[in-house]
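See below for the structure under consideration.
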2 protein chains.
Amino acid sequence: MSDLLERLRGRGWRMTAQRRVVAEVLDGEHVHLTADEVHARAVAKLPEISRATVYNTLGELVSLGEVLEVTTDKRAKRYDPNAHRPHHHLVCAHCGAIRDVHPTGNPLADLPSSERFGFTVSDVEVTYRGLCPDCAAA
Amino acid sequence: MSDLLERLRGRGWRMTAQRRVVAEVLDGEHVHLTADEVHARAVAKLPEISRATVYNTLGELVSLGEVLEVTTDKRAKRYDPNAHRPHHHLVCAHCGAIRDVHPTGNPLADLPSSERFGFTVSDVEVTYRGLCPDCAAA
DNA sequence: GACTTGACTTAGACATTGTCCAATGTAGGA
DNA sequence: TCCTACATTGGACAATGTCTAAGTCAAGTC
């Protein structure tokens, strides 16, 4: 919970009301919010917070590795506070619903060095696509 | 080459100059173009083509399964004409360079049904991230 | 070849998402 | 308490994509 705030303080973050609110919004939610949704919820707690600050703060949280950026669709980036447990995503192609999933296997190991073209590969993002039960029924 | 045009005609596409140009641009390029880049190249061949038409046509090509939509970064969607050979992507986190890669293994098989939450999973997109040789050297 | 029709294209306004900047405010140390 | 560097603000701006009304044209029909 406020583990997050503690960690941030420990990293030399200057603690402002705005940053606390953004961290709280992410910390309290186990969903995948867009920047705008984060802003909307932050405004509910602190009406004068600006959009630029939310973007800045999200960017900083991402650089610090506290939050993951997920780009499941063409629209907005989404922010996933569940950064400390590696996982991937399952997205409904119709309604956009997102679930966290934990596949077996290790995709990084599946990329032979002959297929790496000299890149230093550090990360892999797997997005499964399909229809959620509701959309499949419709 | 004009296989693509033939297939499209066979599917009842009304063949217009604009659609032919967009199909040619994609067909001739083995790279990953953004919608705007496709538009720029289409304009070179047919100056009066409009942005809306390029977007429409790209959308149709994607629905028909002739072209893949790739969202490797927050910016623009990219269009990959290599839709008939399944592959994944390796992206440089610094300069955005993209390479097609062919990992071993089958990520779809790695998602147990207990992790599918009732979804009908039909597709998987794997994006490896890292640094390309040039950016790693810098 | 001319006609007809409905699908296609166009230009530009609009929407969404994200970035940037100069002016102002403030957290935290001295 | 005061200072100062860092953070925030608000609004302009940029990039990407969507929508619409009006005009255009491909392809079938005669």
Side-chain angles (χ1 to χ4, degrees), chain A residues 5-6 8-26 32-64 66-80 96 98, chain B residues 5-6 8-25 32-64 67-80 96 98:
Chain A
L5 292 178
E6 287 310 316
L8 296 174
R9 203 187 299 270
R11 298 211 206 197
W13 247 37
R14 179 181 291 187
M15 191 50 56
T16 66
Q18 291 83 352
R19 289 178 165 181
R20 186 169 35 73
V21 164
V22 170
E24 281 173 5
V25 165
L26 286 171
H32 305 78
L33 299 171
T34 64
D36 240 29
E37 287 164 350
V38 172
H39 180 231
R41 295 180 192 227
V43 164
K45 295 169 177 246
L46 186 71
E48 59 278 0
I49 193 170
S50 82
R51 229 157 48 91
T53 297
V54 171
Y55 277 98
N56 287 342
T57 306
L58 287 173
E60 287 157 11
L61 286 169
V62 170
S63 327
L64 291 174
E66 294 291 345
V67 165
L68 285 182
E69 223 173 57
V70 187
T71 58
T72 51
D73 58 12
K74 67 272 189 177
R75 307 291 245 158
K77 286 185 275 193
R78 290 175 178 276
Y79 293 89
D80 186 336
I98 303 177
Chain B
L5 292 178
E6 286 312 316
L8 295 174
R9 202 186 299 271
R11 298 209 205 198
W13 248 37
R14 178 180 293 185
M15 191 50 55
T16 66
Q18 292 82 353
R19 287 177 165 181
R20 188 170 32 73
V21 165
V22 170
E24 282 173 3
V25 165
H32 304 79
L33 299 171
T34 64
D36 240 29
E37 287 164 350
V38 173
H39 180 232
R41 294 178 193 229
V43 164
K45 294 170 178 245
L46 187 72
E48 58 278 1
I49 194 171
S50 81
R51 230 155 48 90
T53 298
V54 172
Y55 277 98
N56 288 342
T57 306
L58 286 173
E60 287 158 9
L61 287 169
V62 170
S63 326
L64 291 174
V67 165
L68 285 183
E69 221 173 58
V70 187
T71 57
T72 51
D73 58 12
K74 67 270 189 177
R75 307 293 245 155
K77 287 186 273 194
R78 291 176 177 275
Y79 292 89
D80 187 338
I98 303 178

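Letters A, B, ... are given to chains in the order of the sequence lines, protein chains preceding strands, and every chain is numbered from 1.
If you measure from atom OH of B:Y79 to atom C1' of D:dG17, you get 9 Å, rounded to the nearest angstrom. Atom CD of A:E48 is separated from atom P of D:dG10 by 8 Å (rounded to the nearest Å). Distance, A:R78 CZ to C:dG18 P: 10 Å, rounded to whole Å. Atom C1' of nucleotide C:dA11 and atom CD1 of B:I49 are separated by 14 Å, given to the nearest angstrom. In this entry the distance linking CZ of B:R20 with C1' of C:dT9 reads 15 Å, nearest Å. Whole-Å rounding puts the B:Q18 CD to C:dA7 C1' distance at 13 Å. Across the protein-nucleic acid pair, A:R19 atom CZ and D:dC6 atom C1' stand 8 Å apart, rounded to whole Å. Look at CG on B:L8: it is 18 Å from P on C:dA7, rounded to the nearest Å.
Shown here for A:V54 and A:A35, the closest heavy-atom pair between the two residues is CG1-O, 3.9 Å.
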For this session: Would you check, one step at a time, whether the test side chain to side chain contact (heavy atoms under 4.5 Å, CB included) holds for A:H32 with A:Y79?
Result: CA-CA 6 Å; A:H32 305 78; A:Y79 293 89; over 6 Å; no
For this session: List the steps, then state whether side chain to side chain contact (heavy atoms under 4.5 Å, CB included) holds for A:V70 with A:I98.
Result: CA-CA 11 Å; A:V70 187; A:I98 303 177; 5.8 Å; no
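Partners of A:H39 under the ring-ring contact (aromatic ring centres under 6.0 Å, His included) rule, at least two apart in sequence or in another chain, do not exist in this structure.
A donor-acceptor pair under 3.5 Å links the side-chain atoms of A:R19 to the main chain of A:R14, judged by distance alone. Proximity of a side-chain donor or acceptor of A:R41 to a complementary backbone N or O of A:V25 within less than 3.5 Å is not detected.
B:V22 has its side chain within reach of B:L61: a pair of non-hydrogen atoms, C-beta onward, lies under 4.5 Å apart. For the pair B:W13 and B:L64, the minimum side-chain heavy-atom distance is below 4.5 Å.
Using a cut-off of 4.0 Å between Lys/Arg side-chain N and Asp/Glu carboxylate O, B:R11 and B:E60 are scored as not salt-bridged.
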Exercise. Just by protein heavy atoms under 4.0 Å, how would nucleotides 24-30 of chain C read 5' to 3' in B, S and -?
Worked result: --BBS--
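Residues from residues 51-63 of chain B placing a heavy atom under 4.0 Å of any atom in DNA chain C, listed by number, are B:R51, B:A52, B:T53.
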